[in-house]
Amino acid sequence: MNYWLMKSEPDAYSLDDLANEPKKTEHWDGIRNYQARNFMRDDMKKGDLAFFYHSNCAEPGIVGIVEVVKEAYPDHTAWDKKSKYYDEKSTKENPRWLMVDVKLKKRLKRNVTLREMKEKLPLKDMRLVARGNRLSIMPVAKKEWDYILKLAEKTPK
DNA sequence: GCCAACGTTGGC
DNA sequence: GCCAACGTTGGC
């Protein structure tokens, strides 16, 4: 069982949006980065858990936990000419991009912010806090996962 | 809105 | 296969 972190811009798709889906489940489309795709394709399994991270917003941070409920399958938005994720090089015979389905498992009691995580020594090796990190799906070590869950229970400062 | 860091593209 | 140019990400 693996742990992950998945980024989303709340302006585009927020935790609330996921909470409002039927069955609180939605496909995670629009991943157009090979490294992130390979993580989904090779290592992301049904039952894995992932942090839902809000990026590119006022308070970037982890806001919830989702569960992978369907493993990697072709991202149909790559075939849709009207989609901003359209990619002419992705065909039905040879789909270039993949997605998984995730279900909202729980909201954290509070937003565990990037700023806060950067200050914590036990999290110093996380890819998320590395300089210039742009990966939208990344693995999280069990130790880090547990530590962040504990942080979420505490009021900051 | 700015801009540093990064990934991708394409000419050679 | 190198690498400059370009587009994108995402914190601030």
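Proteins come first, then strands; the chains are lettered A, B, ... in the order of their sequence lines, and each starts at number 1.
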Novice: The criterion is side-chain hydrogen bond (donor to acceptor under 3.5 Å, both in side chains); which residues satisfy it with A:Asp16, sequence neighbours excluded?
Specialist: A:Arg107

Novice: Want to settle it: does A:Gly132 or A:Lys89 sit nearer the 5' end of DNA chain B, counting the closest nucleotide to each?
Specialist: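 Mapping each residue to its closest nucleotide by heavy atoms, the 5'-most match is A:Gly132.
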
Novice: Could you tell me which residues satisfy side-chain hydrogen bond (donor to acceptor under 3.5 Å, both in side chains) with A:Asp17, sequence neighbours excluded, listed by chain and number?
Specialist: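 A:Asp17: side-chain hydrogen bond (donor to acceptor under 3.5 Å, both in side chains) contacts with A:Ser14.
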
Novice: Tell me, please, which residues at least two apart from A:Tyr86 pass side-chain hydrogen bond (donor to acceptor under 3.5 Å, both in side chains).
Specialist: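 Partners of A:Tyr86 by the side-chain hydrogen bond (donor to acceptor under 3.5 Å, both in side chains) criterion come out as none, since no residue qualifies.
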
Novice: Report, as a single string ordered 5' to 3', how protein heavy atoms within less than 4.0 Å touch nucleotides 4-12 of chain C: B base, S sugar-phosphate only, - not at all.
Specialist: ---BBBBBS

Novice: Once salt bridge (Lys or Arg N to Asp or Glu O under 4.0 Å) is applied, do any residues pair with A:Asp125, and if so which ones, sequence neighbours excluded?
Specialist: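 A:Asp125 satisfies salt bridge (Lys or Arg N to Asp or Glu O under 4.0 Å) with no residue once adjacent residues are dropped.
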
Novice: Go through the structure and list residues passing side chain to side chain contact (heavy atoms under 4.5 Å, CB included) with A:Lys105, not counting sequence neighbours.
Specialist: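 Partners of A:Lys105 by the side chain to side chain contact (heavy atoms under 4.5 Å, CB included) criterion, ordered by chain and then number, come out as A:Leu49, A:Ile65, A:Glu67.
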
